[in-house]
Amino acid sequence: MALMASRWATFTSAPHRVMFLAGAMQAVLTIAWWLTDLLARYAGWYAPVAWTVPPSWAHAYLMLYGFFPFFMFGFLMTAIPNWLEIEIRRNDYVVSFVLMVAGLALFYVGLGAGRAIMAVGIVVQLAGWAVGVTALVRVIVVSPPQPKADSVMLVGAMIIGWLGAVAFLLWLLSGAGFWAELSRHGGIWFFALPVFLTVSTRMVPVFSRRALGDSVKGRPTWALPVLLAGSFMHGLLDLAGARTVLWLVDVPMAAIVLSLTVRWGLRRCLTDHLLAVLHLSLLGLAVALLLYGVQSLAQLGGVSVLGLAPLHTLTIGYFSAMVIGMGSRVSLGHSGRSLVADRLTWSCFLGVLATAAVRIAAELPLDSAALGAALIPLAAVAWLGCFVPWVLRYVPLYLQPSADERPD
């Protein structure tokens with residue numbers, strides 16, 4: 001019992017430990033479930049499973065609200081208290097972690113056992129999410145007077161994410177398609193992208209300056225507000241069905257993101273792999289926005305191109321790649337280890353970019369329809385081939401004492 005208590009104390013000693021472990025497990029479970037469905041629908045290995053909800057909607061929910069939020073909470077519960085010089089209470093993040101994990105467990109059960117169980121799972125997950133957001137709000141409120149704009153915007157985005165999960169619950173209960181669309185599009189443009197944008201544009205120049213010297217310039221004051229406004233405008237236009245004008249938003253955003261990563265040392269960082277993963281992830285965002293712009297211009301001309309390629313460039317080539325980058329950096333730094341990406345970490349990151357390329361290829365007009373269909377489950381296999389080794393590399397760090405706390 002004493003040993004178990006000691007291990008639990010170690011595991012719960014920092015918010016990134018509990019949240020990143022749950023996120024790491026979700027990185028595998030979410031895509032393993034998705035691959036199970038794809039092998040039936042695209043590969044024909046067995047009869048398709050009669051899930052409680054359409055599998056594409058469950059996939060979207062599990063990625064947007066079941067995978068990324070754990071890494072978001074783990075980072076924010078570590079960074080915001082550091083920025084504002086106040087501790088977050090252990091009980092708050094532990095309760096949040098337990099409820100969110102329990103809720104997602106019920107969600108998975110509900111995929112086969114019924115919508116009622118799934119709905120209960122979402123409610124439990126929402127309760128845990130609310131505990132986590134409340135803990136962050138408390139940190140902001142009780143911290144000493146100082147600039148808090150980034151912290152407030154990040155917590156605001158997490159509240160919007162909570163509302164996006166509520167929208168999915170409303171669709172589940174009512175069947176009204178509007179709520180499902182709001183959950184998916186709002187989850188990307190009003191929640192996930194604002195969180196990743198705020199974190200990226202704050203932290204990448206800081207880390208770049210540490211590695212490359214004081215010649216690296218900081219974030220222009222106008223950059224984040226303009227990018228956030230563009231993200232929200234894209235989401236609103238998408239929901240309104242005005243996709244032929246999205247290029248007016250997306251192309252300028254792509255140019256801004258590209259200029260920022262060049263400003264912060266893209267061409268000089270490639271030998272520092274732990275820094276390069278962050279820059280290349282931002283480059284993935286620029287490519288995704290450019291693809292959205294190309295798609296919009298094609299639709300303006302009455303042509304349908306690219307399909308879901310821009311979406312998967314964004315979610316795999318930016319969101320998921322940045323999870324590898326920031327997750328590795330935080331895990332190493334807060335476990336007392338050197339901030340160096342080993343060969344496995346770098347290979348896993350490059351594998352995520354390759355996964356994005358495979359998924360993009362599946363959306364292109366290929367001569368063989370069978371090849372296009374095969375590329376979708378292949379992308380899921382590639383994802384697991386990247387994340388399983390990454391999980392095996394980093395999860396032990398969350399269960400062991402920090403290297404600088406161990407006795408000699």
Side-chain angles (χ1 to χ4, degrees), residues 10-28 67-88 90 92-94 96-97 100 132 135-136 139 150-151 154-155 157-158 192 195-211 264 269 272-282 318-342 344-346 348-349 352 386-387 389-406:
T10 297
F11 174 54
T12 60
S13 62
H16 81 278
R17 290 174 176 262
V18 295
M19 292 297 183
F20 281 12
L21 183 138
M25 295 299 100
Q26 274 295 98
V28 175
F67 168 46
F68 296 129
F70 283 113
F71 285 99
M72 293 174 179
F73 271 121
F75 181 86
L76 298 183
M77 288 175 167
T78 301
I80 291 178
N82 286 342
W83 297 342
L84 303 183
E85 301 175 339
I86 188 169
E87 292 186 1
I88 189 168
R90 178 185 296 206
D92 289 342
Y93 63 75
V94 171
S96 176
F97 155 76
M100 289 178 67
L136 291 172
V139 167
D150 284 358
S151 301
L154 285 164
V155 174
M158 296 303 292
V195 171
F196 279 97
L197 274 174
T198 305
V199 171
S200 299
T201 58
R202 178 175 178 125
M203 302 311 301
V204 171
V206 171
F207 297 144
S208 298
R209 189 178 298 113
R210 291 176 186 173
W264 295 331
C269 75
D272 182 343
H273 289 170
L274 197 61
L275 180 60
V277 296
L278 305 180
H279 280 272
L280 293 176
S281 297
L282 273 176
Y318 176 48
F319 294 165
S320 303
M322 191 61 76
V323 163
I324 292 279
M326 284 293 184
S328 300
R329 178 176 285 271
V330 172
S331 300
L332 292 169
H334 287 268
S335 64
R337 288 162 174 80
S338 300
L339 290 174
V340 177
D342 58 16
L344 184 144
T345 301
W346 180 241
C348 290
F349 172 78
V352 170
C386 304
F387 268 95
W390 188 84
V391 168
L392 294 175
R393 166 70 176 83
Y394 284 92
V395 161
L397 302 186
Y398 312 140
L399 305 174
Q400 301 169 358
S402 176
D404 49 19
E405 295 175 354
R406 297 177 187 174

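Since the model is a prediction, treat every value here as computed from it, not as a measurement. Numbering of residues begins at 1 and proceeds along the displayed sequence.
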Side-chain contact test, heavy atoms from C-beta onward, threshold under 4.5 Å: evaluate it for [X] versus [Y] and give yes or no.
X: V199; Y: M322; value: no
X: L274; Y: W346; value: no
X: F207; Y: L339; value: no
X: I80; Y: V155; value: yes
X: F67; Y: V323; value: yes
X: R17; Y: L21; value: no
X: F349; Y: S328; value: no

Not counting sequence neighbours, which residues clear side-chain contact (heavy atoms from CB on, under 4.5 Å) with [X]? List them please.
X: P15; value: M77, T78, I88, Y93
X: V94; value: W8, T12, R90, V98
X: A22; value: F70, F97, V101
X: I86; value: L84, V139, V142, S143

M203 and L278: CA distance, side-chain angles, deciding distance, side chain to side chain contact (heavy atoms under 4.5 Å, CB included) verdict:
CA-CA 9 Å; M203 302 311 301; L278 305 180; 6.0 Å; no
Could you work out, with side-chain hydrogen bond (donor to acceptor under 3.5 Å, both in side chains) as the rule, every residue matching [X], not counting sequence neighbours?
X: D272; result: none
X: R209; result: none
X: R329; result: none
X: N82; result: none

Applying salt bridge (charged side-chain N to carboxylate O under 4.0 Å, His left out), name anything that partners R393, two or more places apart in sequence or on another chain.
D342
Tell me, please, which residues at least two apart from [X] pass ring-ring contact (aromatic ring centres under 6.0 Å, His included).
X: F319; value: F68, F196
X: H16; value: F20, H334
X: W390; value: Y394

If you apply the rule side chain to side chain contact (heavy atoms under 4.5 Å, CB included), what do you find for V195 with L154, and how did you get there?
CA-CA 6 Å; V195 171; L154 285 164; 4.2 Å; yes
Give me the atom names and distance for the closest heavy-atom approach of [X] to [Y].
X: A341; Y: H273; answer: CB-CB, 4.0 Å
X: L275; Y: A211; answer: CD2-CB, 3.8 Å
X: D92; Y: A135; answer: CB-CB, 3.6 Å
X: V395; Y: A24; answer: CG2-CB, 3.8 Å
X: C348; Y: P389; answer: SG-CB, 4.0 Å

How long is the span from the [atom1] atom in [X] to the [atom2] atom in [Y], to the nearest 0.5 Å?
X: M326; Y: S200; atom1: CE; atom2: OG; answer: 5.5 Å
X: L392; Y: L344; atom1: CG; atom2: CG; answer: 8.5 Å
X: W83; Y: R202; atom1: CH2; atom2: CZ; answer: 4.5 Å
X: S13; Y: Y398; atom1: OG; atom2: OH; answer: 12.5 Å
X: S281; Y: I324; atom1: OG; atom2: CD1; answer: 9.0 Å
X: L136; Y: M72; atom1: CG; atom2: CE; answer: 12.5 Å

Check the pair T10 / Q400 against side chain to side chain contact (heavy atoms under 4.5 Å, CB included), numbers first and verdict last.
CA-CA 7 Å; T10 297; Q400 301 169 358; 5.7 Å; no
